[in-house]
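The structure appears right after this line, and notes come after that.
Chain A is the first sequence line, chain B the second, and so forth, proteins listed ahead of strands; every chain is numbered from 1. Hydrogens, waters and symmetry mates are skipped; everything else that's a heavy atom, side chains included, is used.
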Amino acid sequence: MDTAERRDLMTRYTEEVVTDEELLDVLERDSPSAYIGYAPTGEMHIGHFTTIRKLADFLRAGVEVTVLVADLHAHLDDEKSPFDLLDARTDYYQQAIEAMVEVAGADPENIEFVQGREFELDQPYTLDLYRMLADTTISRATRAGSEVVRQSDNPKLGGLVYTLMQSLDVAALDADIAYGGIDQRGIYMLAREMLPDYGYDKPVCVFAPLLSGLTGGKMSASDAASKVNLTDDRETVREKLGQAYCPMGEVEDNGVLEYARYLVFPLLEEQDEAFQVERPEKFGGDLVYEDYESLEADFVSEDLHPQDLKNATADHIADAVAPVRERLLADSDLLATAYPDQYD
RNA sequence: CCGCUCUUAGCUCAGUCUGGCAGAGCAGUCGACUGUAGAUCGACUUGCCCCCCGUUCAAAUCGGGGAGAGCGGACCA
């Protein structure tokens, strides 16, 4: 693969790259590295799956991948995770991520996992943090984290420190590329702005799109019906997609189409398989799609009915989730210790 | 350390002054309409009124104590 091909592989199905020139430049280096961070808060879901699937593309493009399980962040963001559950949730996140990477056709052994506290409590990280705290206005930090950190009428300091720490994570993990959902954009733009002041390189940023929820609008952690969980069985996946917002012929805000595009098709492509749609004879019989574009074209022209799209997408998603689900449920303590309120 | 305000349905909040069946909007559930969902229409559900003690025939409401949250003041030789 030449550099341009590697760049194309890394940036397919993404929302934005900052900047393309810098990415090409990084890929020319000896051992380019990328990192993505997840704060181990609530249970992981299908939205995480789409961003994690891309890690397989990174590895194929010859980029070293580090996954940060940002346990301190999980607590700093409005105490989403109680302090004494951070280790249990870190363990759960790592296992869930490994399982998803495997489904994506990559070897999780090739990914380096790091827990936030392993380096975020040491120097020079902490010294840099204090310098940055002195150097950053409240409004700047607020703006940077406004799409990531939970907003409230009485925000805590933790949410502001969060954004500065995430900026420093890039430098501390020595990552050339910061990868994450487009919601992370504000924080990484702050990182690009500030890190050079502290003697670090500014990171190249690759942003994944955020998928629409199944109920229309954004996917919401607090709305169980808006997303497929990694522990959902086939029947539950079918029910959730069956209830999904999916207007005939409309692409906008259509979570079902987006799941097909950003998760199902990339996975099928990896396995060299096509998208199968089972359809009753009276509606025209079965269909097969080799790529997303032709599926979308049929949907827009209303040759593919939402009900048939839902059935087919649900089955493909259930297939993708099944191995992850099995692994997570195989260890009966894993979820129970990470989420004692949900699993007792 | 002192003072003030707030705490009621999953969420946002009325109701407290002047004690009398626990409320609204949104959300949710179920039907109708659609070969999906949504929208629309129809119906339905939702409670430790923060906790304890007291007054009263009767307390979300009044009194006392406590908890949690928020705001302000003071202290700064």
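Here rU36(B) presents its C1' atom at 14 Å from CZ of R279(A), a figure rounded to the nearest Å. Atom CG of N311(A) is separated from atom C1' of rG35(B) by 11 Å (rounded to the nearest Å). For the pair M248(A) CE and rA37(B) C1', the computed distance is 11 Å after rounding to whole Å. Here the P atom of nucleotide rG68(B) and the NZ atom of K156(A) are 14 Å apart, to the nearest Å. We find that CZ of F299(A) is positioned 13 Å from P of rA37(B), with the value rounded to whole Å. Distance, E258(A) CD to rA37(B) C1': 15 Å, rounded to whole Å.
The stretch residues 248-265 of chain A participates, sequence neighbours left out, in these side-chain hydrogen bond (donor to acceptor under 3.5 Å, both in side chains) pairs: S212(A)-E258(A). Residue pairs meeting the side-chain hydrogen bond (donor to acceptor under 3.5 Å, both in side chains) criterion with at least one partner in residues 290-304 of chain A, sequence neighbours excluded, are Y289(A)-D298(A), D291(A)-S294(A), Y292(A)-E296(A), S301(A)-D303(A). Within the structure, every pair that satisfies the side-chain hydrogen bond (donor to acceptor under 3.5 Å, both in side chains) test and touches residues 145-160 of chain A, not counting sequence neighbours, is listed here: D78(A)-R150(A). The stretch residues 264-277 of chain A participates, sequence neighbours left out, in these side-chain hydrogen bond (donor to acceptor under 3.5 Å, both in side chains) pairs: R12(A)-E269(A), Y13(A)-E269(A), R60(A)-E270(A). Within the structure, no pair that satisfies the ring-ring contact (aromatic ring centres under 6.0 Å, His included) test touches residues 193-242 of chain A, not counting sequence neighbours.
Taking the side chain to side chain donor-acceptor pair (under 3.5 Å) definition, one finds that E98(A) meets it with Q94(A), R327(A), sequence neighbours left out. Residues that satisfy the salt bridge (Lys or Arg N to Asp or Glu O under 4.0 Å) test with D169(A), not counting sequence neighbours, are absent from this structure. Taking the salt bridge (Lys or Arg N to Asp or Glu O under 4.0 Å) definition, one finds that R7(A) meets it with D20(A), sequence neighbours left out.
Listed nucleotides: rA37(B), rG35(B), rG70(B). Nearest to the side chain of F283(A): rG35(B).
Annotation: proximity of residues 236-244 of chain A to RNA chain B (heavy atom, distance under 4.0 Å) is found for G242(A), Q243(A), A244(A), numbered in ascending order. Within a heavy-atom distance below 4.0 Å of RNA chain B, the residues of residues 303-310 of chain A found are H305(A), P306(A), Q307(A), D308(A), K310(A).
Under 4.0 Å is where a charged nitrogen must lie from a carboxylate oxygen, and between E193(A) and R140(A) at least one such pair does. For D87(A) and R117(A), the salt-bridge test passes: some basic side-chain N is under 4.0 Å from an acidic carboxylate O.
Checking rU12(B) for Watson-Crick or G-U wobble geometry (two distances, each under 3.5 Å) identifies rA24(B) as its partner. The base-pairing partner of rC41(B), taking Watson-Crick or G-U wobble contacts with both distances under 3.5 Å, is rG31(B).
Taking Ile, Leu, Val, Met, Phe, Trp and Tyr as hydrophobic and joining them when side-chain heavy atoms fall under 4.5 Å apart, one finds L9(A) in a cluster with M1(A).
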Check the interface with nucleotides 31-34 of chain B: list each N/O to N/O pair with the protein under 3.5 Å, or write none.
none

